[in-house]
Amino acid sequence: MKTTIKQLFILVIIALVTACSDDDKPIPDYTTAEALLEENGFQGSILIRKGNTDFLRKGFGMADAQENITNDPGLIYRIGSVTKTFTAMGLAALKRDGLIDSYDQTISDFDDEFPNGDKITLRHLLTHYSGIPDYTSAVEESSIFFTPNDIYDLLKESAETDGLLFEPGSQFAYSNSNYLILGLLIEALSDMSYHEYLQSKVFGPLGMENTGKGENEIEGENFAKGYLNGVEVAPYQMQIAYSAGDLISTIGDLEKWADAMMGDSFISAPEKAEIFAEPHSEDNFFTPGLGWYTIKVDGTLIYNHGGNIDGFTSIIALLPETNSMIIMLSNQDSWEPINEVLDALIINEF
């Protein structure tokens, strides 16, 4: 029997719930940030900035084991789902440009053939409340070459035959499908490619010269190679990730991005109020905003998003109350301690 996108998504959610059933606990016996990273096998580059002062900007481990090149903050890394913070900004730019009226417009306003599209809003897509299953497992396991438009057609077919996972707006379920749809919407409304639009609205204005679409194969001395269990990963079809996770960047470029999102000139106060959700009253209880999650760790307000793509793990965390940030770009696939390490750094250093 053919496994559908919906069935695969449910299996993934069961696995995630099982893996996350225990409460995260701060790492004991904290001494220094560098010791914490080394003890947990961090491989990549990190920036910890307190206010306008660097606390730690350093590379750890190998960027290219074969060529004996060590990691350095100046290198370029795949950032995976941190891409979603930029896609959400793309929607904010569409709203600025008058190409969308509201985040509460429905998919049917743009494609009247999408099943249940009259119930799914742009806000549902941005916050993962749409009920549309994630496509990545089904597509990655196939030998067929899929373009983003092919995947969109697959999602429409799945929505027609299997329906949604739940009534839109009723619950949260992380799904890359939401952000693939948003990327295609950016292209349709702007008459530009997704990457061209971000270049014109974000990367260019902010001087992010090393940020853009990642290639399938990692080549060049300015790029960190990706690893899984110490073995360099094979080329990855980046068009699968698309607007949900295909961008590459550096520590320095993401610092510019973090400053822009915490500052007052790139985005307005009303835009910030829509992009960043209000924190939950309890610590370690995340609230989804538009491309960012709001959480409090030991009373400290954090806006963050993580990423994981073949050979790489990443996270960007903004601490707006002190104009501080933590950015970790690892060239190690599924580096599991990343959230626990982030919590320990915040608790012990901020």
Side-chain angles (χ1 to χ4, degrees), residues 2-9 12 78-91 93-94 99-100 107-117 120 122 125-126 128 130 132-162 164 174-203 211-219 226 233-249 291 307-312:
K2 182 181 177 182
T3 303
T4 66
I5 288 180
K6 184 175 181 180
Q7 289 168 333
L8 279 167
F9 182 79
V12 170
R78 289 176 178 168
I79 64 172
S81 285
V82 173
T83 297
K84 292 180 174 67
T85 66
F86 294 101
T87 303
M89 189 64 228
L91 266 290
L94 290 179
L99 298 175
I100 61 173
I107 293 179
S108 292
D109 286 353
F110 311 100
D111 180 358
D112 58 10
E113 296 181 352
F114 197 99
N116 294 303
I120 304 168
L122 301 181
L125 296 175
L126 286 159
H128 300 285
S130 71
I132 301 173
D134 194 294
Y135 68 87
T136 50
S137 294
V139 170
E140 287 177 340
E141 292 173 4
S142 173
S143 59
I144 300 171
F145 179 89
F146 287 97
T147 67
N149 281 296
D150 292 335
I151 296 169
Y152 182 69
D153 290 340
L154 195 64
L155 291 172
K156 290 174 69 172
E157 180 184 338
S158 174
E160 179 68 37
T161 57
D162 299 328
L164 301 173
Y174 188 90
S175 174
N176 289 291
S177 303
N178 295 317
Y179 276 75
L180 178 132
I181 293 170
L182 292 170
L184 291 172
L185 180 64
I186 288 171
E187 294 198 345
L189 297 182
S190 70
D191 200 27
M192 301 170 70
S193 77
Y194 165 74
H195 301 96
E196 288 171 342
Y197 193 69
L198 289 187
Q199 178 64 38
S200 69
K201 299 297 180 180
V202 183
F203 308 149
T211 303
K213 181 182 182 297
E215 299 298 331
N216 296 353
E217 189 166 358
I218 300 169
E219 295 180 315
V233 297
Y236 179 78
Q237 298 296 318
M238 292 292 277
Q239 82 283 347
I240 293 175
Y242 184 51
S243 50
D246 78 357
L247 294 181
I248 55 174
S249 193
N308 187 47
I309 191 168
D310 274 25
F312 296 84

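These numbers come from the heavy atoms of this one structure, side chains and all, not from hydrogens, waters or symmetry mates.
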Report task. With sequence neighbours left out, write down each residue that passes side-chain contact (heavy atoms from CB on, under 4.5 Å) with Glu219, or none if nothing qualifies. Result -> Glu217

Requested in this report: Answer yes or no: is there a donor N or O on one side and an acceptor on the other, between the side chain of Ser81 and the main chain of Gly245, under 3.5 Å?
Outcome: no

Query raised in the report: For Thr87 and Ile186, which heavy atoms make the closest approach, and how far apart are they?
Result: O-CD1, 3.9 Å

Report summary line: Heavy-atom closest pair (Tyr197 atom, Ser190 atom, distance to 0.1 Å) is CD1-CB, 3.5 Å

Report task. Can you see which heavy atom on Ser177 is nearest to which on Asp134, and at what distance? Result -> OG-CA, 3.4 Å

Report task. Report yes or no: does Ser142 contribute a side-chain atom to a donor-acceptor pair with the main-chain N or O of Val139 at less than 3.5 Å? Result -> no

Query raised in the report: Sequence neighbours excluded, which residues qualify as side-chain contact (heavy atoms from CB on, under 4.5 Å) partners of Pro115?
Result: Lys156, Ala159, Glu160

Report summary line: The side-chain contact (heavy atoms from CB on, under 4.5 Å) partners of Leu99 (sequence neighbours excluded) come to Leu94, Asp97, Leu189

Query raised in the report: Within a strict 4.5 Å, meaning less than it, do heavy atoms of the Leu184 and Asn149 side chains meet?
Result: yes

Report task. Name all residues meeting the side chain to side chain donor-acceptor pair (under 3.5 Å) criterion together with Asn116; count only those two or more places apart in sequence or in a different chain, and write none if there are none. Result -> none

**Report entry** Partners meeting side-chain contact (heavy atoms from CB on, under 4.5 Å) with Ala241 (sequence neighbours left out)
**Finding:** Tyr236, Asp246, Ile309

Requested in this report: Please name the pair of heavy atoms, one in Met192 and one in Ser200, separated by the smallest distance, quoted to 0.1 Å.
Outcome: CE-OG, 3.8 Å

Query raised in the report: In chain order, what residues pass the side chain to side chain donor-acceptor pair (under 3.5 Å) check against Tyr179, with sequence neighbours excluded?
Result: none

Query raised in the report: Does Ile132 reach the side chain of Leu164, with side-chain heavy atoms less than 4.5 Å apart?
Result: yes

Query raised in the report: Applying salt bridge (Lys or Arg N to Asp or Glu O under 4.0 Å), which residue pairs with at least one partner in residues 182-198 are found, sequence neighbours left out?
Result: none

Query raised in the report: Residues in ring-ring contact (aromatic ring centres under 6.0 Å, His included) with Phe203, at least two apart?
Result: Phe86

Report task. To the nearest 0.5 Å, tell me how far Ile181 CD1 sits from Tyr135 OH. Result -> 10.0 Å

Report summary line: Rounding to 0.5 Å, atoms CZ (Phe312) and CD1 (Ile218) come to a distance of 3.5 Å

Query - For Tyr152, all residues meeting ring-ring contact (aromatic ring centres under 6.0 Å, His included), sequence neighbours excluded - result: Phe114

Query raised in the report: When you measure from the side chain of Lys84 to the backbone N and O of Gly291, does any donor-acceptor pair fall under 3.5 Å?
Result: no

Report summary line: In this structure, CD1 of Ile107 is separated from CD of Glu113 (nearest 0.5 Å) by 13.0 Å

Query - Contact summary for Gly117 and Ser108, nearest pair of heavy atoms - result: C-OG, 2.9 Å

Report task. Dump the intermediate steps for side chain to side chain contact (heavy atoms under 4.5 Å, CB included) on Ile79 and Thr211, then the final yes or no. Result -> CA-CA 10 Å; Ile79 64 172; Thr211 303; 5.6 Å; no

Requested in this report: Go through the structure and list residues passing ring-ring contact (aromatic ring centres under 6.0 Å, His included) with Phe146, not counting sequence neighbours.
Outcome: none

**Report entry** With sequence neighbours excluded, residues passing ring-ring contact (aromatic ring centres under 6.0 Å, His included) with His195
**Finding:** none

Query raised in the report: Looking at CG of Leu155 and CG of Asp162, how far apart are the two atoms once the value is rounded to the nearest 0.5 Å?
Result: 11.0 Å

Query - Ile248 CD1 to Glu215 CD distance, which is reported to the nearest 0.5 Å - result: 7.0 Å

Query raised in the report: Is a side-chain donor or acceptor of Tyr242 paired with a backbone partner of Gly183 at a separation under 3.5 angstrom?
Result: yes

Report task. Rounded to the nearest 0.5 Å, what's the gap from CG on Leu91 to CG on Leu125? Could you check? Result -> 8.5 Å

Query raised in the report: Gln237 and Asn216: which non-hydrogen atoms are nearest, and at how many Å?
Result: OE1-ND2, 3.4 Å

Query - Under the side chain to side chain donor-acceptor pair (under 3.5 Å) test, residues paired with Ser243 that sit two or more places apart - result: none

Query - Under 3.5 Å donor-acceptor, Arg78 side chain and Gly311 backbone - result: no

